Amino acid sequence: MNVQTTLSIKVKEAILNHFSVELPTVEFQPTRKDFEGDITVMVFPMLRFVKGNPVQIGQQIGEFLQKEVDAVSGFNVIQGFLNVVISDAYYLNFFKDIENTPYYGFASEQQKDAIMVEYSSPNTNKPLHLGHIRNNLLGYSVAEILKASGKKVYKTQIINDRGIHICKSMLAWQRFGNGETPESTGLKGDKLVGNYYVAFDKAYKQQVAQKIAGGIDPKVAEKEAPILLEAQEMLQKWEAGDKEVVALWKTMNGWVYKGFDVTYNNLGVDFDTLYYESDTYLLGKDVVEEGLQKGVFYRKDDGSVWIDLTDEGLDEKIVLRSDGTAVYMTQDIGTAIQRIKDYPDIEGMVYTVGNEQDYHFKVLFLILKKLGFSWSKNLHHLSYGMVDLPSGKMKSREGTVVDADDLMNDMTRTAAEISEELGKLEGYTENEKQDLYKMIGLGALKYYILKVDPKKRILFNPEESVDFQGNTGPFIQYTYARIQSILRKAEEIGVKGLETRTAQSGKHLEDEVSGLSMDSGSDTILVADNSPDLHPKEKELIKQLQLFPETVQLAAENLSPALIANYTYDLVKEFNSFYQQVSILGEQDELKKLLRVQLAKKVGQVIKSAFGLLGIEVPERM
RNA sequence: GGUCGCAUAGCUCAGCUGGAUAGAGCAUCUGCCUUCUAAGCAGACGGUCGGAGGUUCGAAUCCUCCUGCGAUCACCA
């Protein structure tokens with residue numbers, strides 16, 4: 001039982017004893033730094049139930065707590081705030097408990113029910129850009145956070161591999177490509193295909209301009225440009241299964257996938273299962289038919305099928321065209337149901353999609369609910385704000401995008417410049433250095449994006465490079481590296497009570513976290529009768545460590561990696577302050593020295609765990 | 001026009017279910033490297049929390065209205 005729960009019970013008891021009143025709840029908050037104490041009991045809310053002077057009530061509760069609860073070593077009352085001082089022994093005990101917990105902060109038992117997290121889901125006609133990066137980082141991180149909170153998670157994406165957009169690239173390639181391939185040009189496949197998408201747009205605009213110059217109405221010109229008509233024709237051929245078109249489609253999508261794989265790999269994201277729109281775009285029609293029977297949908301005279309959501313404050317929405325073909329909504333209904341069929345343990349889904357589709361998902365979830373699917377109540381749209389440039393929106397066709405690969409390379413290069421200037425990497429091979437630069441550059445980028453509340457839009461200025469100082473990924477990575485440096489030295493000089501086992505630097509977080517865990521045998525020392533007094537900075541650190549598990553849960557509930565990022569920053573700030581103020585290895589008292597080394601080690605583990613949830617790696621040195 | 005979201009220091013952002021004097025980073029200025037990594041620490045400067053009402057013992061937080069910005073409202077995806 002944690003202190004807060006104990007205190008809550010005891011506060012109620014105190015009120016019952018003194019006033020014969022049963023309090024429904026007790027409110028707490030961390031004590032502000034400028035007052036003495038660790039946890040503050042709010043007296044004000046009790047005044048609704050207990051008549052009296054808040055200071056006196058606080059005083060009475062305080063006295064009761066001090067007498068009844070071992071962990072309470074003191075208190076003070078200021079206005080309606082009862083500041084409770086928690087004993088060093090309690091914090092030492094707590095730290096002893098978590099010290100050997102390898103997955104500290106992560107839910108120990110996995111729930112049986114699974115949740116599917118969809119993210120990325122790009123079109124296959126152009127390379128990934130900064131907007132996709134935000135999507136990928138959010139989706140990946142939320143999936144990891146959900147896992148840590150005890151959920152079983154499937155990561156997926158639905159790849160938009162068919163439609164007019166890819167036909168445009170295909171047509172332009174046929175027309176202007178001269179048989180170019182990624183191999184012949186040395187270009188990444190997605191880049192090559194993207195170039196033809198741009199080429200299409202250029203040719204299209206020329207044709208439109210020509211028509212307008214010839215006196216044709218602009219709106220008609222836009223619809224009747226020959227190259228557009230050809231693209232539409234190509235799409236029809238594709239749907240009809242035309243061999244030549246399908247073969248080209250497969251080839252060009254194949255190029256794109258190879259390119260995407262490189263980008264995903266560099267970005268460090270992955271998927272457990274993939275869905276392709278070419279497989280799912282016909283799904284959902286039968287469900288619409290069933291819905292018609294049930295009266296959820298209705299058919300208009302022209303044959304199109306609709307749902308009336310005006311009762312819910314929304315509009316009418318089409319779910320099937322008059323010619324019987326599926327719209328986006330039809331597919332999404334079908335795909336959702338298909339996923340449940342494929343993975344029967346799924347009890348909920350998270351869709352990582354930009355906030356421009358808020359309305360779409362509101363409608364989708366409502367339709368699924370009306371169709372009577374029990375899991376519809378566990379559908380979440382992880383809606384995030386757009387990433388805009390100072391010049392405005394990013395537009396692939398106009399070439400105003402920040403390319404994902406370019407951006408990652410730029411970040412790595414900047415990290416390399418800074419690292420080389422600082423010159424702390426003596427003894428590292430060139431490969432090790434490159435890996436480290438990438439780790440730092442990506443750490444900066446990922447943290448920069450993930451620390452912001454998902455629902456807020458991000459203004460990204462490519463001119464002002466992402467910071468490497470202050471509240472940044474590299475700052476946190478640096479602190480981790482510092483801690484590892486201390487731990488290496490601690491082993492060298494042989495700190496008493498510290499196991500000399502070295503941490504394995506495996507690739508997986510799980511391996512490393514458990515690899516880092518300390519052997520037992522040192523625990524009893526901490527709470528011996530003559531326990532050392534805690535330095536205020538040590539106490540603050542333990543308090544911050546204590547918050548990690550609840551932060552993970554909160555982040556999972558809110559689907560917000562930003563909460564993890566901000567927590568980690570606070571922890572690291574606290575550690576650096578501690579590091580600055582007290583000497584760890586220079587401490588004369590062996591017990592204190594051991595405690596500090598162990599604290600540093602635990603902070604390092606939590607940094608690594610937390611950053612793992614953000615998809616950010618941490619270095620041994622930097 | 002209807003609906004949804006956002007608005008906090010010069011800039012970028014925190015602020016948990018309402019609680020004490022609204023916090024960080026960047027930028028500007030001051031100190032601190034012969035002691036565990038200065039990508040650091042300590043400090044200064046900087047705010048009518050978009051505006052106006054309301055609820056409450058108490059509002060950046062909840063409600064209403066207004067302003068500004070963004071998104072969305074297609075037999076597009």
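Every chain is numbered from 1 and lettered A, B, ... according to where its sequence line falls, protein lines coming before strand lines. Worth knowing before you read on, the calculation uses all heavy atoms, side chains too, and leaves out hydrogens, waters and symmetry mates. The structure presented is a predicted model; accordingly, all values stated were derived computationally and were not measured.
For B:C6 and B:G50, the P atoms lie 12 Å apart once the distance is rounded to whole Å. Look at the P atom in both B:C69 and B:U64: the space between them is 22 Å, to the nearest Å.
Ring stacking is absent between A:Tyr478 and B:G40, as the pair misses the limits of under 5.5 Å between centres and under 30 degrees between planes. The aromatic ring of A:Phe81 sits over the base of B:A20, with ring centres less than 5.5 Å apart and planes tilted by under 30°.
Mapped onto RNA chain B by nearest heavy atom, A:Arg482 and A:Val452 fall at different nucleotides, with A:Val452 at the one closer to the 5' end. Place A:Ile486 and A:Gly303 on RNA chain B by their nearest nucleotides, and A:Ile486 ends up nearer the 5' end.
A sub-4.0 Å separation between OP1 or OP2 of B:A77 and a side-chain N or O of A:Arg321 is present. Taking side-chain N and O atoms only, A:Lys489 has a distance below 4.0 Å to OP1 or OP2 of B:U37. Remark: A:Lys456 is in phosphate contact with B:A14, judged by side-chain N or O atoms under 4.0 Å from OP1 or OP2.
Aromatic pair A:His381/A:Phe365: centroids not less than 6.0 angstrom apart.
Syn is the conformation of B:C33, whose glycosidic angle sits no further than 90° from 0.
A donor and an acceptor atom, one from each side chain of A:Glu316 and A:Tyr298, are located under 3.5 Å apart. Between A:Asn471 and A:Tyr447, the side chains place a donor N or O and an acceptor N or O closer than 3.5 Å (distance only, hydrogens not considered).
Under the Watson-Crick or G-U wobble criterion, with both distances below 3.5 Å, B:A44 is paired with B:U28. The partner of B:A59 is absent, by the rule that a Watson-Crick or G-U pair needs both atom distances under 3.5 Å.
In the interface, the side chain of A:Thr40 is paired with the base of B:A20 through a donor and an acceptor atom under 3.5 Å apart. Within 3.5 Å, no donor on the side chain of A:Gln581 pairs with an acceptor on the base of B:A42, nor the reverse.
We find that A:Arg413 and A:Asp410 are joined by a salt bridge, their nearest charged nitrogen and carboxylate oxygen being less than 4.0 Å apart.
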